[in-house]
Amino acid sequence: MKVYGRITVFPIMPARINRLYELAYNVWWSWHPEARTLYSSLDPELWEQVSHNPVHFLSKIQPQKLEQAAENNDYLTLYDSVIRDFDHYIHPQPEETWFATTYPELQDKTIAYFSAEFGLHESLPIYSGGLGILSGDHCKEASDLGLPFVGVGFLYPQGYFSQRVNREGTQEASYDKLHFSEAPAVPAVGPDGNEVVISVELPGRRIYAKVWKLLVGRVPLYLMDTDIPPNAPADRELSARLYGGDHEMRISQEIVLGIGGVRALRALGISPAAWHLNEGHAAFLSLERCRELIEAGLSFNEAREVVKANSLFTTHTPVPAGNDAFSYELMDKYFNSYWDKLGLTREQFLEVAREDHSWGPSYSMTILALKLTGQHNGVSALHGDVSRKMWQFLWPGLDKDEVPIGSITNGVHTFSWIAPELNALYGRYLDKDWGQHVDEQDFWDKNIQNIPDIELWKAHHQRKEALADYATRRLKQQHLRLGEGDRQLAEFEGMLNPNALIFGFARRFATYKRATLIFRNLEKLRRILNNPERPVQIVFAGKAHPADEPGKALIEYIYKMSRSEEFKGKIIFLENYDIDMARYLVSGTDVWLNNPIRPYEASGTSGQKAALNGQPNCSILDGWWAEGFNGKNGWAIGEEREYRDQEIQAEDDSNSLYHILEDEIIPTFFDQDSEGVPHRWINYMKEAIRTCAPQFSMRRMVKDYTNVYYVPEMRQSIRVEQNHYEHERQLSAWKEHVYPAWSKLELYVDGRRDGQLSLGESIDVHAWVRSDELKPEDLRVELVYGETQDEQALLRHSLPMEYVKRENDGSYRYDIQLKPEDSGSLAYNIRVIPAHPSLTEKYELGLIRWA
Ligand SMILES: *Cc1c(COP(=O)(O)O)cnc(C)c1O
């Protein structure tokens, strides 16, 4: 039958347990196992069938099962306790959340967080990988901490693809339709009580998007969907898939996300005081905010100051494919009626986000985001450094270390990723409420040794058994589909051995992650995997982007290896990696392996989930592990350096990996006492938990974002409103005055150019700045100094010079005494930059003059 409409009919719920509905519509259940038990225990088989989605589950369950439950005392006890926890969570006392107690005056403000993907639960396939999981975890923690926070994104009806791997190892993508009536989302309504539908202009037409509301604890997520009637069929498909389609599809989606997202918030009556662009996909939102302000009477430059004052951009990858850029042709087609509204010419409009390539200029979403936000960050210390180098050209004259891109290292939402057995163990030996102390390093330092080795080992073993069962189930399913016979299917029975040393490798199959590095020397790998005394297995999982042929080739290679006679049962590939599988893997393998090409892994988070569950990492010193590794909580592959030649890098890294496996990991793991308990190994496990659980928690991360970025933005936002954009107008006028004046500015210095000094002595340095247009208060003159290394001067310190007077010839004189604190070889220089009290970033003009 051709389908016209689709209606989901729920059974009548017995009154005693009727809040099961309400509970189903808040993904709070995704990080509360007892809440999930309320559903799964009613019908475990159905629970599996519906991918653990309680809304879908309730639409399918037999009414008798509900009636029986409503009379079962054990069930009712659990029900009452879950409902009590839920109510308490949703309506806490004001003093019970971190945000309310830390920043009571900002409680009525809103932080808006824009992301193209949100990874909340396996039943909502609106994420593709790490970026989405991070956004999902961010929302959950924002809820836990009581942040006044809303998310904005897409409800893709077909989501990201499901992966099937066929007999040849070829990845096949299938898109399953997500029926919104079965998703835990409801239509969002505005202050007038009507459902919210917004629109944006695309070439030759207007496109509409319906806004859905999905509750993540206390945090609402507003998700847009273009599959609604007024749109033409092609437009209804526009938001069908995440990262599907061509550049036109991509730019259209990003217009809906950025421009449409702002309109959705306005229609909902929400005016955020802080805006967070999670990756460049949403960067058009800043243009839309400018357009609103221009309509209210500001110029583009003034509007830009207002927008920058309270927005943050987080960049997530140094890989070019992860940084969207559009051709000018495409920009002309999609924005030719928009730049007028910004009061800009085409050239001015394009210039804002111009990136030059060998094939010509393009419009870069990352540059747009960097130019129209006041704050920017990368996602680990190393990635911050890589990003400063990568985007340094936008701040000409600045030393790399001074490029205004900071860093906050990613983390994971503890209760979404802790396995139940480990959760119970921590509850028993650390503290009943250990979750309250997640980000307190002291707490872990003090208590980790309370866990008896044998208990940790038992809990870990239970996880290994759970993974082994899960793997058998999945492998059988896959090969049944591929038409294999009973004898072949029987091979998967007990294929994963809980007594073996099991390595886990699961992530997107992007080539820079080098999934096949361990196969580089097959001779060595054979030796490692074929010692009957010391069984070792490796489990692989992950999807390649459907258009990434080299990524798909890696999957094929690994799949074929896993089916080959010599590696069968040693190398295992599980298809369709998702959140559910991730939970099994990060808690059920023994060592988490990660070997990307340094420094392309901006952070990585799966290893953090593994460490939380007691798995040491064995990883390249890239992303978060460059900070996390301490010599006792896992292993570091290769050296902390960069290579010119990726082949040589792979050769060195793989040799290092084999060495670590053979000489360290395997002997340590199999050094077991008479009960089979490997005490030396367990030291690594405990050290992994102690060091990583607090440092790489989402709690630490969201607190950092709040303290470092959101709160200053919210305060800035209050100031902007109070003085009706006056500071921003002045700042903008001042900048318009400074830019043309800068080229005529002159700087002279008088100081010693070489010589010797004894420690304790100082030298006098004088500088003169000549400018007809700029005044001393417009300028900051600095002495910058640092040690020299290999002829390179490392500029470590900058000291402001004191303005002394205006000389007779009109120049401004500045003085300073340089008194070195350490002996050694020192270099110094003088520079002048524009200064204004309203600047959020000292170097934001990108103007600098060195002597
Ligand atoms: C955590 C997670 C990721 C991200 O892992 P990385 O280590 O950043 O590659 C990707 N996919 C799923 C399903 C995850 O759970």
Side-chain angles (χ1 to χ4, degrees), residues 30-31 51-52 115 117-138 140 159-163 242-243 278-279 314 316-319 322 378-380 382-383 409-419 467 470 474 503-515 539-545 551 554 574-589 591-613 615 617-620 622-626 628 634 692 696-698 701:
S30 71
W31 71 101
S51 301
H52 316 148
S115 182
E117 41 175 315
F118 287 93
L120 294 158
H121 186 253
E122 56 266 24
S123 65
L124 275 168
I126 57 172
Y127 65 93
S128 76
L131 180 71
I133 306 283
L134 189 82
S135 315
D137 278 8
H138 196 129
K140 292 174 183 177
Y160 199 56
F161 72 97
S162 296
Q163 178 194 53
L242 172 60
Y243 306 143
N278 190 45
E279 195 44 293
T314 302
H316 286 270
T317 178
V319 179
V379 291
S380 69
L382 178 60
H383 178 236
T409 305
N410 285 344
V412 295
H413 183 248
T414 308
F415 284 94
S416 295
W417 296 107
I418 186 85
L467 173 64
Y470 176 82
R474 295 295 296 256
F503 285 85
F505 185 103
R507 47 186 53 84
R508 283 184 306 115
F509 273 73
T511 45
Y512 78 88
K513 298 197 183 228
R514 293 193 302 196
V539 185
F540 286 91
K543 297 174 178 177
H545 186 280
L554 296 176
L574 298 179
E575 68 177 7
N576 204 30
Y577 182 45
D578 69 355
I579 293 180
D580 185 36
M581 186 187 294
R583 278 198 303 264
Y584 281 100
L585 289 172
V586 298
S587 61
T589 61
V591 187
W592 199 251
L593 183 64
N594 190 19
N595 45 39
I597 301 175
R598 191 178 191 275
Y600 287 119
E601 183 86 303
S603 169
T605 53
S606 56
Q608 304 173 344
K609 303 167 195 166
L612 170 69
N613 285 292
Q615 282 200 55
N617 278 258
C618 172
S619 170
I620 299 280
D622 198 7
W624 78 279
W625 190 235
C692 302
F696 303 102
S697 65
M698 192 43 88
M701 182 189 117

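When a ligand or atom number is given, it counts from 1 through the structure's own listing order. As a basis for the values below, the full set of heavy atoms in this structure was taken, side chains included, without hydrogen atoms, waters or symmetry mates. Each residue takes its place number in the sequence, starting with 1. Just so it is clear, the structure is predicted and the values come from calculations on it, not from any experiment.
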List in chain and number order the residues that pass side-chain contact (heavy atoms from CB on, under 4.5 Å) with A419, two or more places apart in sequence or in another chain; answer none if no residue qualifies. E421, L422, R463, S587, N613

Solution key, residues 602-611 side-chain donor-acceptor pairs under 3.5 Å, sequence neighbours excluded:
unit_1, atom_1, unit_2, atom_2, d
S606, OG, R507, NH2, 3.4
S606, OG, W592, NE1, 3.0
Q608, NE2, N410, O, 3.1

Taking the inter-plane angle between the rings of F540 and F505 on a 0 to 90° scale, is it parallel (under 30°), tilted (30 to 60°) or perpendicular (over 60°)? tilted

What residues come within 4.0 Å of ligand 1, counting heavy atoms only? G129, G130, I133, W417, R507, K513, Y577, D578, I579, A582, G604, T605, S606, K609

Assess K543 against F161: is NZ or CZ under 6.0 Å from the centre of the six-membered ring, and within 45 degrees of the ring's axis? yes

Parallel, tilted or perpendicular: which fits the ring planes of W31 and H413, with parallel below 30° and perpendicular above 60°? perpendicular

Quick one: list whatever passes ring-ring contact (aromatic ring centres under 6.0 Å, His included) with F415, sequence neighbours left out. W434

